[in-house]
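Below is one structure, written out as structure tokens; comments come after it.
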Amino acid sequence: MSLLEGKTALVFGVANDHSLAWGIARAFHAHGARLAFSYASQALERRVRPLAESVGASFVELCDVAHDDQIEALFAKAKGELGSIDVLVHAIAFANREELQGTFYNTSREGFRLAMDISVYSFIALARAALPLMPQGGSMMTLTYYGSEKVMPNYNVMGVAKAALEASTRYLAADFGPRGIRVNAISAGPVRTLSAAGVSGFKRMYREFANIVPLRRNITLDDIGGTALWLASDLSAAVTGEVVFVDSGYNILGAPAPTES
Ligand code: NAD
Ligand code: IMJ
């Protein structure tokens with residue numbers, strides 16, 4: 001079965017082969033999509049280009065989403081080379097490292113601005129820029145985390161940013177629904193990516209997660225890829241503005257089940 005035959009997906013947020021965006025790209029490729037990639041910095045090109053080539057992508061372009069002119073240039077190029085697109089994937093987040101440890105009340109004005117700009121505004125900017133390339137409708141998606149709803153140690157300003165990202169997903173879904181464009185968010189459980197591995201306390205919480213969750217296992221890139229594939233395909237044709245949890249059931253728990261002792 002080929003769910004994305006004849007469709008084109010533009011993917012933002014591959015840094016390496018552990019990236020959630022890479023899990024998504026792999027699943028799309030397995031279902032016949034034409035893929036295109038954008039990466040954040042010159043330094044990443046060395047890693048991203050070979051990955052892109054391994055799934056037959058030739059469109060591999062630099063775009064730092066902090067800059068409107070780079071977003072504009074990227075979509076101009078995409079229009080020229082790809083024509084139209086069907087799927088937009090936003091898997092981008094950034095906060096200064098010092099904001100992701102210690103107390104939330106010490107969040108700086110500039111740290112708040114940066115986290116919101118890169119992790120939230122960029123989705124709005126990319127969604128708007130993608131509109132002219134989606135005249136026949138399509139599917140847009142972003143990645144979020146449960147720290148938007150509940151307090152997670154050290155997640156701090158990123159929790160506030162993810163709350164804004166999820167709200168933005170709903171507003172974009174309302175704006176674009178009449179054009180046949182769906183907008184959703186995937187709320188992923190912890191995965192050992194570049195954006196998680198170095199984070200204080202992550203290792204321990206990653207280990208504990210599998211013991212607590214209903215499915216008693218961590219989530220994988222294939223789990224994320226599968227849900228992204230569903231959201232990208234016509235199987236989810238009437239689903240928009242949703243936050244879909246891919247977290248082994250973590251978010252349904254009140255208190256963890258008592259373990260034998
Ligand atoms: P990752 O480090 O592989 O991906 C993050 C990406 O953001 C990188 O490719 C990086 O280059 C890109 N990025 C950062 N600043 C950018 C900029 N200015 N312009 C363009 N791109 C920029 O880590 P990941 O875990 O795959 O993160 C992808 C998304 O998944 C993020 O939104 C993250 O919050 C979310 N998420 C991750 C987890 C997890 O446990 N890893 C859980 C839930 C949600
Ligand atoms: C990030 C920080 C604190 C706790 C965390 C995380 N937990 C998880 C993450 C429990 C799962 C990963 N995550 C969901 C993110 O959204 C990460 C975003 C992020 C990570 C970094 C690390 C390196 C850096 N800036 C970052 N900006 C955003 O310099």
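Just so you know, residue 1 is the first one in the sequence shown, and it goes up from there.
Put simply, the side chain of S236 gets close to the backbone of W230: a donor and an acceptor are under 3.5 Å apart. In this structure a side-chain-to-backbone donor-acceptor pair under 3.5 Å is present from N184 to G241. Listed for the D64 side chain is no donor-acceptor partner under 3.5 Å among the backbone atoms of Q70. Distance alone, capped at 3.5 Å, places no donor-acceptor pair between the S2 side chain and the L4 backbone. Remark: the backbone N or O of L231 is paired with a side-chain donor or acceptor of S139 at under 3.5 angstrom. Put simply, the side chain of T107 gets close to the backbone of F104: a donor and an acceptor are under 3.5 Å apart. Without hydrogens or angle criteria, T220 side chain to D222 main chain gives a donor-acceptor distance under 3.5 Å. When atom types are taken as modelled, the side chain of D247 and the backbone of A188 share no donor-acceptor pair closer than 3.5 angstrom.
By the 6.0 Å contact criterion, CZ on R179 is open, its count of non-hydrogen atoms from other residues, nucleotides or ligands being 12 or less.
The shortest non-hydrogen separation linking L165 to H90 is CD1-CE1, 4.5 Å. Minimum interatomic distance between T240 and A173 (heavy atoms only, all atoms of both residues): OG1-CB, 3.4 Å.
Taking 4.0 Å as the cut-off between side-chain N and carboxylate O, R47 and D17 do not count as a salt-bridged pair. Classification of K7 and D234 as a salt-bridged pair holds, one side-chain N sitting under 4.0 Å from a carboxylate O.
Using modelled atom types, one finds a donor on one side chain and an acceptor on the other under 3.5 Å when comparing E99 with S108. A donor and an acceptor atom, one from each side chain of E166 and T144, are located under 3.5 Å apart.
By the 4.5 Å side-chain criterion applied to Ile, Leu, Val, Met, Phe, Trp and Tyr, Y145 is assigned to a cluster that also includes L100, Y146, M152, Y155, M158, M205, F209, V213, V243, F245, Y250.
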